[in-house]
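In the text below, chain A, chain B and the rest are named by the order of the sequence lines, each starting its count at 1.
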Number of protein chains: 2
Amino acid sequence: MPAESDCTEMLDSETKAVETPEDHAEELRLWLRLLTCTTLIEGEVRGRLRQRFDVTLPRFDLMAQLDKAPDGMTLSDVSKRMMVSNGNVTGLVERLVESGHLDRRTSETDRRVQVIRLTKLGRAEFRKMAAEHETWIADLFADLSPKDVRELMRLLAKTKASAQKSAARRRS
Amino acid sequence: MPAESDCTEMLDSETKAVETPEDHAEELRLWLRLLTCTTLIEGEVRGRLRQRFDVTLPRFDLMAQLDKAPDGMTLSDVSKRMMVSNGNVTGLVERLVESGHLDRRTSETDRRVQVIRLTKLGRAEFRKMAAEHETWIADLFADLSPKDVRELMRLLAKTKASAQKSAARRRS
DNA sequence: CCGAATTGCTTTAAGCATAAAATGTTTTCC
DNA sequence: GGAAAACATTTTATGCTTAAAGCAATTCGG
């Protein structure tokens, strides 16, 4: 048995007598800060999309996914990529088909599958929005140096991997 | 006129003839990664809160705010702290009062103001949830070294400041 | 004082989001 | 071939979220 658990150990959850509840306040503060940053930027982007283009963020996100897939995507693909529930996509697509931005058809080889893609209108509108959107993001991150950006990218990649591992751990 | 704008310049938005549209792909990628991380972790926390305590994340967040304010808070305070709309808080509070977790009363000095605080039940339940929640967060960030955590904190602070500045710039 | 902002909150209408159950389709595997 | 499992999507029930409009109480400027 290790004298001191100096870092992360699986043992904690398996050895019975863990006396020190351990202090995870730093991680908690980090999580709250991460959340604050995201909420702040997301709210800003949402507001600008609404003001300038009268479009919602989820609609924009969905169109962004489709813009990268000229041959279309299935609803499941979209759902995975956007990390939202299946049912959510159904409604979102419904409204975007309604407004003429999306085209939806049943796959010919598998009648369970719906393939959606941007219409000409949808693509044109998205491109316009995306160009402006990119400048907003650049402005929101304007005070970060290129080095900061690189470093953040690296640390967030590490964070993502860590979280995915933890999520997988739970599911198993 | 500077020969080359080698970094961020206000000039860009003021001098008419900016030929190069500039490449902000890095910032865009950073934003997407930030969003992915947050969504991933948030979804995980949401799921665990639901499974273990049958509580939603917004409810938990609201209780967390109140736990830090033994004398209670006004709805506006809560709304600002949580960075959500006023109307949102109204409904959340309604349901939490209903379930006996919150106590709400009209301020005696200003009858527009509603002061809410945790009930004994609310506080007890929150403390139980918070303790477990902290271990989840620790686990989700487990692969980050203490140095990584510090560095991320620093960079996110910088990011937050930058975004706030940009948001203020727009509002003015 | 008193009308005009301002403030704090609620309501409304629309849309977003989830989990879980239901529906129809295709595979799998005896 | 045919039951059972797996799959893609939709439906259902509930709750969250926003922007904008509305209401009541307070404060401000003349």
Review point. What does B:L57 touch in the nucleic acid at a heavy-atom separation under 4.0 angstrom: a base, only the sugar-phosphate, or nothing?
Key: nothing

**Study point:** Interatomic distance, B:Q51 CD vs C:dA19 P [rounded to whole Å]
**Key:** 10 Å

Point to revise | Toward the 5' end of DNA chain C, by each residue's nearest nucleotide, B:D77 or A:T109 | key: B:D77

**Study point:** Nearest-Å distance for atom pair CD/P, residues A:E98 and C:dA14
**Key:** 14 Å

Exercise for review: Calculate the interatomic distance between A:R171 atom CZ and C:dA19 atom P; express it in whole Å.
Suggested key: 12 Å

Check your understanding: Within this structure, what is the CG-to-P distance between B:D54 and C:dA19, rounded to whole angstrom?
Key -> 13 Å

Check your understanding: So does A:R95 get a side-chain nitrogen or oxygen closer than 4.0 Å to the phosphate oxygens (OP1/OP2) of C:dC16?
Key -> yes

Review point. Does a side chain donor of either B:T109 or B:S107 reach within less than 3.5 Å of an acceptor in the other side chain?
Key: yes

Exercise for review: State which of D:dT9, C:dG8, C:dA17 makes the closest approach to the side chain of A:Q114.
Suggested key: D:dT9

Revision key, fill the gap. Taking D:dT11, C:dT11, C:dT10 as options, the one with an atom nearest any side-chain atom of B:L75 is C:dT10

Review point. For B:R50 and D:dC16, is the shortest distance between a side-chain N/O and OP1 or OP2 below 4.0 Å?
Key: no

Practice item. Under 4.0 Å between any heavy atoms, over every strand shown, what does B:T90 touch: base, sugar-phosphate, or nothing? Just pick one. Key: base

Exercise for review: Round to a whole Å and report the spacing from CG of A:L49 to C1' of D:dA19.
Suggested key: 15 Å

Point to revise | Side-chain N or O of A:R104 closer than 4.0 Å to phosphate OP1/OP2 of D:dT10 | key: yes

Exercise for review: Using atom CZ of A:F60 as one end and atom P of C:dC16 as the other, report the distance to the nearest whole Å.
Suggested key: 15 Å

Check your understanding: Any donor-acceptor pair under 3.5 Å linking the side chain of B:S162 with the backbone of B:K158?
Key -> no

Check your understanding: What nucleic acid atoms does B:N88 come within less than 4.0 Å of, heavy atoms only: base, sugar-phosphate, or nothing?
Key -> base

Check your understanding: Want to settle it: does B:M83 or A:G87 sit nearer the 5' end of DNA chain D, counting the closest nucleotide to each?
Key -> A:G87

Check your understanding: B:T119 side chain to B:G100 main-chain N or O, any donor-acceptor pair under 3.5 Å?
Key -> yes

Check your understanding: Nearest nucleotide by nearest heavy atom, which residue falls closer to the 5' end of DNA chain D, B:M82 or A:D110?
Key -> A:D110

Exercise for review: Go through C:dC9, D:dC16, D:dT9 for me and flag the one nearest to the B:N86 side chain.
Suggested key: C:dC9

**Study point:** N/O (side chain, B:R111) to phosphate O (OP1/OP2, C:dG8) under 4.0 Å
**Key:** no

Point to revise | Interatomic distance, B:L62 CG vs D:dG15 P [rounded to whole Å] | key: 16 Å

Check your understanding: What nucleic acid atoms does A:T74 come within less than 4.0 Å of, heavy atoms only: base, sugar-phosphate, or nothing?
Key -> sugar-phosphate

Study note, to complete from the structure: When rounded to the nearest 0.5 Å, the distance separating OG1 of B:T56 from CZ of B:R50 is 9.0 Å

Practice item. May I ask you to say what A:S76 touches in the nucleic acid, namely base, sugar-phosphate or nothing, with a heavy-atom cut-off under 4.0 Å? Key: sugar-phosphate

Review point. B:F53 has an atom CZ; how far is it from atom P of C:dA19, in whole Å?
Key: 17 Å

Review point. Between C:dT18 and B:T56, is there an OP1 or OP2 to side-chain N/O distance shorter than 4.0 Å?
Key: no

Study note, to complete from the structure: Against the side chain of A:R112, the closest entry in C:dG24, D:dT10, C:dG8 is C:dG24

Exercise for review: Ignoring hydrogens and angles, state whether a donor on the side chain of B:N86 or B:S79 is under 3.5 Å from an acceptor on the partner side chain.
Suggested key: yes

Exercise for review: Using side chain to side chain contact (heavy atoms under 4.5 Å, CB included) as the criterion, point out the one residue from A:L92, A:V93, A:V97 that pairs with A:R95.
Suggested key: A:L92

